[in-house]
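Note that the structure is a prediction, hence the values are computed from the model and not measured.
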Amino acid sequence: MTAPVFVVPDDVLSRAIPGGRYVLDGPEGRHAVSVKRLRAGEDVVLTDGLGRWAEGVVEGAEGKDRLLVMDLESVSEEPAEQPRITVVQALPKGDRGELAVETMTETGVDAIVPWTASRCVTQWKGERGAKSLAKWRATAREAGKQSRRTRFPEVAEAASTGQVARLLAAADFAAVLHESADASLATAPLPATGEIVLVVGPEGGVSPEELAAFREAGAAPYLLGRSVLRTSTAGTAALALLLGRTGRWG
């Protein structure tokens, strides 16, 4: 899929008529007209971000924020990938959280769970936490569009260590990236279907108490490589490895 992707409300595609027209307006229309500068005859993809999408052809533009799309094709649905991969991402400092979300989304993650680890310098509380979560979700949406995805990753509410442990216990394969691990993620036995959950710790590392809780939940520690990556890049590197090993990249 190479045509630019634009997000429409959930119910638009369910009401779309093959061969019909649609007016893309608001922020998406402004981006299409004023930033992408799309012209008549160019192809576009409209998606709800939940896996449903339809191709159309640009008919023209009205003003600076309305794109007229015609010749809508029948709605297709992209099946969910297997195995599903969730990355539990400890909260990094500054804008490194958005960087992690952006690159993991472009790589192909299915879900991201922000984790308030004990050694995180950043803590999401109150209004600040709500704003930070909104930034992560907006980043996932924009990165999903940029990478031509039609099924965007879910960004969950921030989770405590106990909540992460319960998530790990329900997974078909659960792993914690840890520099002291003996086993390598490159040789770990992976399921062909089901749920893979990977924990990426903060810059200060996963505490012994957290590691013990995750072990008890069934998550073993795994080594990613010889070098110690920053928390904002470790998830993307591990995700790429898992996608290749499970056949989702190939």
Side-chain angles (χ1 to χ4, degrees), residues 5-12 25-31 35 47-52 65 80 84-147 149-171 174 176-177 195 197-207 209-210 213-214 217 230-236 238-239:
V5 172
F6 297 95
V7 181
V8 296
D10 297 353
D11 61 341
V12 166
D25 54 12
E28 292 291 275
R30 186 175 305 109
H31 185 73
V35 179
T47 182
D48 59 5
L50 302 173
R52 293 186 300 173
D65 59 359
R84 174 181 165 91
I85 302 177
T86 296
V87 174
V88 176
Q89 174 66 59
L91 304 179
K93 294 184 294 184
D95 60 359
R96 289 188 174 274
E98 287 96 277
L99 173 63
V101 171
E102 179 181 53
T103 55
M104 286 193 290
T105 298
E106 292 173 354
T107 304
V109 74
D110 299 300
I112 300 170
V113 179
W115 172 35
T116 53
S118 62
R119 293 178 176 175
C120 286
V121 174
T122 299
Q123 295 292 325
W124 286 4
K125 295 180 180 179
E127 184 178 348
R128 178 182 178 182
K131 288 183 177 179
S132 297
L133 178 60
K135 285 183 179 179
W136 280 35
R137 287 174 170 168
T139 299
R141 171 188 168 110
E142 293 307 309
K145 290 164 52 180
Q146 176 66 34
S147 53
R149 292 181 61 167
T150 58
R151 187 179 292 275
F152 301 163
E154 171 192 355
V155 179
E157 298 280 342
S160 65
T161 296
Q163 290 171 321
V164 171
R166 289 191 287 274
L167 183 66
L168 295 169
V176 182
L177 294 184
E195 182 90 21
V197 180
L198 177 73
V199 177
V200 179
E203 297 291 350
V206 179
S207 73
E209 295 78 15
E210 291 164 338
F214 295 159
R230 301 201 70 157
T231 186
S232 54
T233 55
T236 301
L239 175 63

When you compare the side chain of [Y] with that of [X], does any pair of heavy atoms fall below 4.5 Å?
X      : Y      : result
Val200 : Val87  : yes
Leu91  : Thr116 : yes
Asp110 : Glu154 : no

For Gln146, is the CD atom crowded, meaning more than 12 foreign heavy atoms sit under 6.0 Å from it?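 It does not: Gln146 CD has 12 such atoms or fewer within range.
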What pair of heavy atoms forms the shortest contact from Pro114 to Ala156, and how long is it?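 Smallest interatomic distance, heavy atoms only, reads CD-O, 3.2 Å.
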Are the ring centres of Trp136 and Phe152 closer than 6.0 Å?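 They do not qualify: ring centres at least 6.0 Å apart.
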Using a 3.5 Å distance criterion without hydrogens, assess whether the side chain of [X] forms a donor-acceptor pair with backbone atoms of [Y].
X      : Y      : value
Gln123 : Cys120 : yes
Thr86  : Ile112 : no
Gln163 : Ser160 : yes

Listed by chain and number, what are the side chain to side chain donor-acceptor pair (under 3.5 Å) partners of Thr105, not counting sequence neighbours?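 Residues passing side chain to side chain donor-acceptor pair (under 3.5 Å) with Thr105: none at all.
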Given Val113, which partner from the list Val199, Val197, Val155, Val88 fulfils the side chain to side chain contact (heavy atoms under 4.5 Å, CB included) test?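 By the side chain to side chain contact (heavy atoms under 4.5 Å, CB included) criterion, Val113 pairs with just one of Val199, Val197, Val155, Val88: Val88.
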For Glu106, enumerate each residue passing the salt bridge (charged side-chain N to carboxylate O under 4.0 Å, His left out) test, keeping only those at least two apart in sequence or located in another chain.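 Glu106 satisfies salt bridge (charged side-chain N to carboxylate O under 4.0 Å, His left out) with no other residue.
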Hey, which of Lys93, Arg96, Gln89, Glu203 is the one that makes side-chain hydrogen bond (donor to acceptor under 3.5 Å, both in side chains) with Thr231?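 Filter result, single survivor: Gln89.
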Going by salt bridge (charged side-chain N to carboxylate O under 4.0 Å, His left out), name the pairs with one or both residues in residues 111-133, residues two or more places apart or in two chains.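 For residues 111-133, and leaving out neighbouring residues, the salt bridge (charged side-chain N to carboxylate O under 4.0 Å, His left out) pairs sorted by first residue read Glu127-Lys131.
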